[in-house]
Amino acid sequence: MQQLTVRTERHTQVVDITAQVRSVVNGSAGSAVLVYVPHTTAGVTINENADPNVARDFEMALERIAPEGWGWRHIEEGEENAPSHVRASLMGPQVLIPLGEGGELALGTWQGVFFCELDGPRTRSVYVSVLA
């Protein structure tokens, strides 16, 4: 397992981490790679990475789907982040990507791997494991 570090700048931010994941697994022997986020207010997804506006659209959509000030019950002093937990569950904590010849990510032409910050800005970990 390798650990990536992602630093975010906004409360809700979708960051393309495809290049970092590729650099970890390039040349690896295995059938797939697991990309896992060990945080309850962050996630990971696969989607289009050709147009950066797709990531911005995800940010706006997540904020609308689970908005702040919705009468949330999970309210702790300094941790008013109930919508972030809901958004993280919608995105999910992991993705599984098949590996091709030479350990290349078997992503579609327009696909990329995105870290989803939902309670930032923060410094986060992403674990990348090549599976046999």
Side-chain angles (χ1 to χ4, degrees):
M1 176 184 77
Q2 296 251 348
Q3 180 178 332
L4 303 176
T5 300
V6 179
R7 289 176 180 79
T8 59
E9 301 168 354
R10 298 188 304 276
H11 183 74
T12 303
Q13 186 175 357
V14 177
V15 180
D16 187 347
I17 60 169
T18 310
Q20 295 95 313
V21 173
R22 262 197 187 105
S23 71
V24 168
V25 302
N26 195 24
S28 296
S31 62
V33 60
L34 176 68
V35 181
Y36 175 77
V37 176
H39 305 288
T40 61
T41 58
V44 66
T45 192
I46 295 173
N47 213 289
E48 180 186 325
N49 71 344
D51 180 355
N53 285 318
V54 173
R56 302 301 79 78
D57 288 343
F58 261 97
E59 294 168 6
M60 290 187 311
L62 288 166
E63 289 174 348
R64 285 187 171 191
I65 290 167
E68 303 288 333
W70 193 22
W72 301 101
R73 294 180 184 208
H74 170 65
I75 300 171
E76 297 173 25
E77 185 75 29
E79 290 291 326
E80 296 84 8
N81 61 3
S84 299
H85 290 287
V86 172
R87 294 170 188 162
S89 288
L90 293 171
M91 299 313 290
Q94 79 273 327
V95 294
L96 186 64
I97 307 163
L99 288 177
E101 297 286 326
E104 293 186 24
L105 297 175
L107 291 170
T109 302
W110 307 111
Q111 288 183 316
V113 183
F114 292 89
F115 173 80
C116 305
E117 174 62 73
L118 306 164
D119 194 27
R122 295 188 187 221
T123 299
R124 302 288 200 156
S125 297
V126 177
Y127 298 143
V128 180
S129 295
V130 175
L131 307 178

Seminar exercise, completed: Residue pairs meeting ring pair (Phe, Tyr, Trp, His ring centres under 6.0 Å), one or both in residues 20-73, sequence neighbours left out, come to W70-W72
For this session: Please check if L90 and I46 belong to a single hydrophobic cluster, counting links between Ile, Leu, Val, Met, Phe, Trp and Tyr side chain heavy atoms closer than 4.5 Å.
Result: no
Seminar exercise, completed: In terms of heavy-atom contacts, A66 and P83 come closest through O-CB, 3.4 Å
Exercise. If you group Ile, Leu, Val, Met, Phe, Trp and Tyr by side-chain heavy-atom gaps below 4.5 Å, do V128 and F114 land in one group?
Worked result: no
For this session: Determine the minimum heavy-atom distance between M91 and G43, stating which atoms define it.
Result: CB-CA, 4.4 Å
Seminar exercise, completed: So OG of S129 and CE of M1: to nearest 0.5 Å the spacing works out to 6.0 Å
Exercise. Residues in salt bridge (Lys or Arg N to Asp or Glu O under 4.0 Å) with E59, at least two apart?
Worked result: R10, R56
Exercise. How about T45 and N47: does a side-chain donor come under 3.5 Å of a side-chain acceptor?
Worked result: no
Exercise. Can you list every ring pair (Phe, Tyr, Trp, His ring centres under 6.0 Å) pair that touches residues 82-113, not counting sequence neighbours?
Worked result: H74-H85
Exercise. How close do V35 and V44 get, heavy atom to heavy atom, and via which atoms?
Worked result: O-CG1, 3.8 Å
Exercise. Transitively linked via ILVMFWY side-chain contacts under 4.5 Å: V14 with L107?
Worked result: no
Problem set entry | Heavy atoms from other residues, nucleotides or ligands near CD of E68 exceed 12 (cutoff 6.0 Å) | yes
Problem set entry | Flag, side chain of T8 to backbone of R122, donor-acceptor distance under 3.5 Å | yes
Problem set entry | 4.5 Å side-chain heavy-atom contact, T5 and V126 | no
Exercise. In terms of hydrophobic clusters joined by side-chain contacts under 4.5 Å, are V25 and I17 together?
Worked result: yes
Exercise. Does the side chain of I97 come within less than 4.5 Å of V113's, by heavy atoms?
Worked result: yes
Exercise. In Å, rounded to the nearest 0.5 Å, how long is the span from CZ of F115 to CD of Q13?
Worked result: 9.0 Å
Problem set entry | Verify same cluster id: V95, L99 (apolar side-chain graph, 4.5 Å) | yes
For this session: Without swapping roles, check the side chain of S84 against the backbone of L118 for a donor-acceptor pair under 3.5 Å.
Result: yes
For this session: Determine the sole option in R124, R7, R87 for which the salt bridge (Lys or Arg N to Asp or Glu O under 4.0 Å) test with E117 is passed.
Result: R124
Problem set entry | Separation between CG of D57 and CD of E48, rounded to the nearest 0.5 Å | 10.0 Å
Exercise. So which heavy atom on A88 is nearest to which on T40, and how close?
Worked result: CB-O, 3.3 Å
Exercise. What's the shortest heavy-atom distance between V37 and A42, and which atoms?
Worked result: CG1-CB, 3.7 Å
